[in-house]
Amino acid sequence: MSTIAPTSSPLLEGLNPQQREAVLYRGPALLIVAGAGSGKTRVLTHRIAGLLESREAWPSQILAITFTNKAAGEMRERVRHLVGTAAEGMWISTFHSACVRILRREAEQFGYSRNFTIYDSGDSRALIKRIIKDLEADVLGFTVASTAARISKLKNELADVESYARQANFNDPNEVMFVEIFRQYSRALSSANAFDFDDLISQTVYLFRAFPHVAAAYQKRFRHILVDEYQDTNHAQYSLIRELTKSPAELEPGLLAATEPASLTVVGDSDQSIYAFRGADIRNIVEFERDFPGAKVILLEQNYRSTQNILSAANSVISNNFDRKDKKLWTADGDGEKIVGYTGYSGHDEAQFVADEIQALRDKGVAYHDMAVFYRTNSQTRALEEIFIRSAVPYRIIGGTKFYERAEIKDAMAYLIAVANPADTLAVRRILNTPKRGIGPATETQLATFAEKNEITFRDSLRHAKELGLGPKVTGAITALSDLLDEAAALTERPPTAPGDGVPEVLSLLISKGGLLDALRASRDPQDEARAENVEELVAVTKEFQRNNPEGTLLDFLTEVSLVAAADDLDDQTGSVSLMTLHTAKGLEFEAVFLTGVEEDLLPHRMSAGEPGAPRRSAGCSTWASPARASDSSSPWR
DNA sequence: CTGTCTGTACTTTTT
DNA sequence: GTACAGACAG
């Protein structure tokens with residue numbers, strides 16, 4: 001079936017022929033191979049708008065998936081611009097948000113309850129750390145980082161403990177230990193009514209496979225599925241898409257009116273695959289045509305973002321990759337200025353060069369917010385910050401140590417989680433003695449043992465503090481905390497008394513009565529003043545949340561926070577230079593960019609040595625910057 | 001049993 | 001520059 005929309009539609013204006021074709025094509029499967037800066041978001045949003053405008057789909061039948069919340073927000077905004085309020089009914093979200101939405105609705109089907117907690121990588125690591133310590137696995141050489149990576153990798157491959165154990169080599173003591181850690185980790189998660197990041201995807205796939213009637217409901221609902229950054233999908237995400245694009249009738253034979261499978265559009269570019277470390281499997285895009293027979297492939301090679309010099313440099317690097325489909329980006333915008341290379345003597349020297357160049361560009365009329373500095377690792381910011389402060393270059397760091405990763409914020413969040421999901425023992429344990437109330441590890445262990453013996457949650461063991469024969473001071477502290485959590489829980493169960501109340505009210509109660517704020521304010525440590533301010537900032541965040549979502553529950557707030565990434569708040573274009581990793585920079589545009597630390601073992605990073613496409617040797621502290629003053633050789637370099 | 005102080009080993013990229 | 005573990009005093 002190929003319906004062709006009128007070619008005079010305003011949706012096609014200003015699009016090149018390939019872009020038009022990508023917007024108009026109708027069929028079961030479409031792969032858009034979109035080079036960097038080739039206008040793929042434009043194509044996707046116009047394609048969605050076209051489906052709505054021609055009445056081929058209702059908003060609720062569209063599922064658009066991106067990798068970051070920022071990309072999702074931008075896409076929603078641009079679709080809204082094209083079609084207005086119809087944009088509200090669509091699911092435009094990240095893989096993780098979409099899965100949470102599904103899981104919250106269906107969790108009861110498989111023994112979870114809908115108020116589950118989402119563990120970020122920090123939480124997972126804390127849990128793994130405790131398990132390794134309990135099992136004394138560290139003497140066998142188990143580290144938190146490697147174990148966490150191993151478990152994550154398995155989950156991305158859709159392996160669970162039992163399936164892994166079935167093929168494990170039990171003569172290898174290392175393997176036996178790993179299975180035990182994996183098993184305890186999985187048990188801890190499910191008894192805490194919690195999912196880690198990887199579970200969000202893999203458990204949704206499991207849900208669809210184990211409960212065909214649930215899968216059928218979503219297969220029938222979503223008629224058009226669009227996936228961005230397809231080259232960065234891992235096996236679990238790929239499987240999710242495959243489940244959603246099955247025909248509902250395949251799974252539910254009793255269904256009389258066999259519904260056609262949803263149409264699938266994926267956009268990607270194997271040259272831009274940067275998430276292999278997280279399990280991204282480039283085969284998903286390379287083998288798309290085999291997976292979806294009859295799929296149409298459209299190439300977008302015209303670049304609208306960069307000058308020819310930059311593209312030529314990029315092409316000459318990328319062309320060294322092996323097993324690569326030939327693709328050459330080009331632009332109609334001319335050669336532009338040369339790329340500048342600079343080799344410094346040290347990180348500081350390099351930072352100084354960047355700062356000087358920024359000021360020079362600024363004098364030539366380039367605004368600070370149109371400039372960006374990229375680096376490979378977050379730790380590289382230190383030298384840059386130091387010099388930028390001294391040189392009076394206004395800057396802001398995107399990503400890095402995030403607000404929500406600060407200890408005091410995690411503490412405050414743990415209070416909220418303990419209220420929303422009392423089964424989350426990790427959260428309850430975290431607040432047990434934060435702020436200090438005289439409940440030490442010994443008391444904690446007693447509570448945990450009591451809980452285990454009586455088969456109740458750790459949270460509920462707090463209610464039985466009197467039965468443990470502890471000192472009166474400790475008993476009183478535990479009971480007070482338990483009562484406070486009950487009081488806060490009661491608050492969430494009644495409608496807020498004043499508009500804007502709700503989550504802020506609960507949080508304020510917990511941090512004031514819980515003593516977190518007072519403890520920080522009373523502290524002699526000068527850093528605690530800033531920490532108290534951060535906690536107050538979190539209250540402001542909840543108020544902002546409640547204003548934007550008057551009906552938003554505590555659970556909604558916790559979900560939003562768990563899934564929000566650092567790059568998401570880039571929007572306010574203040575007059576500052578942006579500093580970020582290469583990974584967060586993906587898909588963004590600036591007038592001038594600096595690429596720092598182009599150096600042995602750093603770019604490419606030494607941890608990636610040995611992966612296919614081995615790193616080449618280089619030396620010194622190098623910066624590549626663009627654009628720079630014009631020069632007239634035919635090479636893109638200066 | 002808990003809080004504070006001092007020494008040691010880090011630092012890939014993200015949802 | 002920093003986060004975390006171990007030692008010791010209250």
Side-chain angles (χ1 to χ4, degrees), chain A residues 65-72 93-100 118-126 129 133 138 143-146 148-149 152 155-156 195-202 204 229 232-234 236-237 272-280 347-348 374-386 398-402 404-407 432-446 470-471 473-474 477 519 523-525 527 559-568 580-587 597 601-609 611 615:
Chain A
I65 292 185
T66 60
F67 264 78
T68 65
N69 294 296
K70 183 175 164 53
S93 65
T94 61
F95 269 106
H96 292 83
S97 311
C99 287
V100 169
I118 301 160
Y119 281 9
D120 66 21
S121 18
D123 301 326
S124 303
R125 293 164 70 113
K129 189 173 176 179
K133 213 174 167 184
D138 43 342
T143 64
V144 177
S146 65
S152 173
K155 289 191 176 186
N156 287 334
F195 292 113
D196 66 18
F197 272 145
D198 302 314
D199 285 336
L200 295 177
I201 316 287
S202 58
T204 307
E229 309 281 16
D232 284 333
T233 50
N234 60 35
Q237 291 162 332
Q272 294 180 62
S273 165
I274 58 172
Y275 286 111
F277 69 91
R278 175 172 105 176
H348 281 89
F374 301 153
Y375 36 81
R376 179 63 215 272
T377 73
N378 282 305
S379 55
Q380 288 171 258
T381 51
R382 206 169 298 146
L384 289 164
E385 277 194 271
E386 219 172 281
I398 318 293
T401 308
K402 295 160 218 162
Y404 293 103
E405 278 171 19
R406 293 170 180 278
L432 188 62
N433 197 33
T434 312
K436 310 259 189 291
R437 30 173 93 87
I439 309 173
T443 312
E444 189 180 328
T445 310
Q446 282 207 54
L470 299 157
K473 247 180 102 178
V474 180
S523 159
R524 303 183 282 110
D525 186 343
Q527 284 193 319
T559 304
E560 190 173 297
V561 169
S562 316
L563 298 177
V564 157
D568 295 351
M580 66 189 88
T581 66
L582 289 166
H583 285 80
T584 31
K586 189 177 186 189
D601 285 345
L602 201 52
L603 195 78
H605 198 272
R606 76 172 84 78
M607 302 292 279
S608 69
E611 286 168 19

For Y404(A) and dT15(B), give me the distance from atom OH to atom P, rounded to whole Å.
14 Å
Taking all atoms of both residues into account, what is the closest heavy-atom pair of N378(A) and T381(A), and its distance?
O-OG1, 2.9 Å
Using a 4.0 Å heavy-atom cut-off, does F67(A) contact any base of the nucleic acid, only the sugar-phosphate backbone, or nothing at all?
sugar-phosphate
Rounded distance in Å - CG (N234(A)) to P (dT14(B)):
16 Å
When we call it a touch if two heavy atoms are under 4.0 Å apart, what does D120(A) touch: a base, just sugar-phosphate, or nothing?
nothing
Let me know the distance between CD1 of I274(A) and P of dT14(B), rounded to the nearest Å.
9 Å
Within the distance-only criterion (no hydrogens, no angle test), does the side chain of R125(A) pair as donor or acceptor with the backbone N or O of A145(A) below 3.5 angstrom?
no
Short side-chain N/O contact from K129(A) to OP1 or OP2 of dA5(C), under 4.0 Å
yes
For the residue pair I118(A) and V100(A), what are the closest heavy atoms and their distance?
CD1-CG2, 3.8 Å
Can you check whether N378(A) has a side-chain N or O nearer than 4.0 Å to OP1 or OP2 of dT13(B)?
yes
Whole-Å distance, K155(A) NZ to dT15(B) C1', equals 14 Å
Of the nucleotides dT13(B), dT4(B), dT15(B), which has the atom closest to the K436(A) side chain?
dT4(B)
Rounded interatomic separation in angstrom, taking CG from D232(A) and C1' from dT13(B)
11 Å
Hey, where does DNA chain B pair up into stems, meaning at least three consecutive Watson-Crick or G-U pairs with distances under 3.5 Å?
B:1-9 with C:2-10
Return the value, rounded to whole Å, for the distance between atom CD1 of I118(A) and atom C1' of dT14(B).
15 Å
Can you tell me how the ring of H583(A) sits relative to the ring of Y275(A), calling it parallel under 30°, perpendicular over 60° and tilted otherwise?
tilted
Applying salt bridge (charged side-chain N to carboxylate O under 4.0 Å, His left out), can you list everything that pairs with E385(A), at least two apart in sequence or on another chain?
none
Please name the pair of heavy atoms, one in L582(A) and one in F374(A), separated by the smallest distance, quoted to 0.1 Å.
CD2-CB, 3.8 Å
Within the distance-only criterion (no hydrogens, no angle test), does the side chain of S152(A) pair as donor or acceptor with the backbone N or O of A148(A) below 3.5 angstrom?
no
Does dT14(B) have OP1 or OP2 sitting under 4.0 Å from an N or O in the side chain of T68(A)?
no
Rounded distance in Å - CZ (R382(A)) to P (dG1(C)):
8 Å
Which is true for L582(A) with a 4.0 Å heavy-atom rule: it touches a base, it touches only sugar-phosphate, or it touches nothing?
nothing
Identify the two heavy atoms, one from S97(A) and one from N69(A), that lie closest to each other, and give their separation to 0.1 Å.
OG-OD1, 3.7 Å
For dT15(B), does OP1 or OP2 lie under 4.0 Å from any side-chain N or O of N156(A)?
no
Of S562(A) and G438(A), the one whose closest DNA chain B nucleotide lies more 5':
G438(A)
Measure from the side chain of H96(A), starting at C-beta and using heavy atoms only, and say which of dT12(B), dT15(B), dT14(B) lies closest.
dT15(B)
Within less than 4.0 Å of OP1 or OP2 of dT2(B), is there a side-chain N or O belonging to T443(A)?
yes
Taken to the nearest whole Å, CZ/R376(A) to C1'/dT14(B) is 11 Å
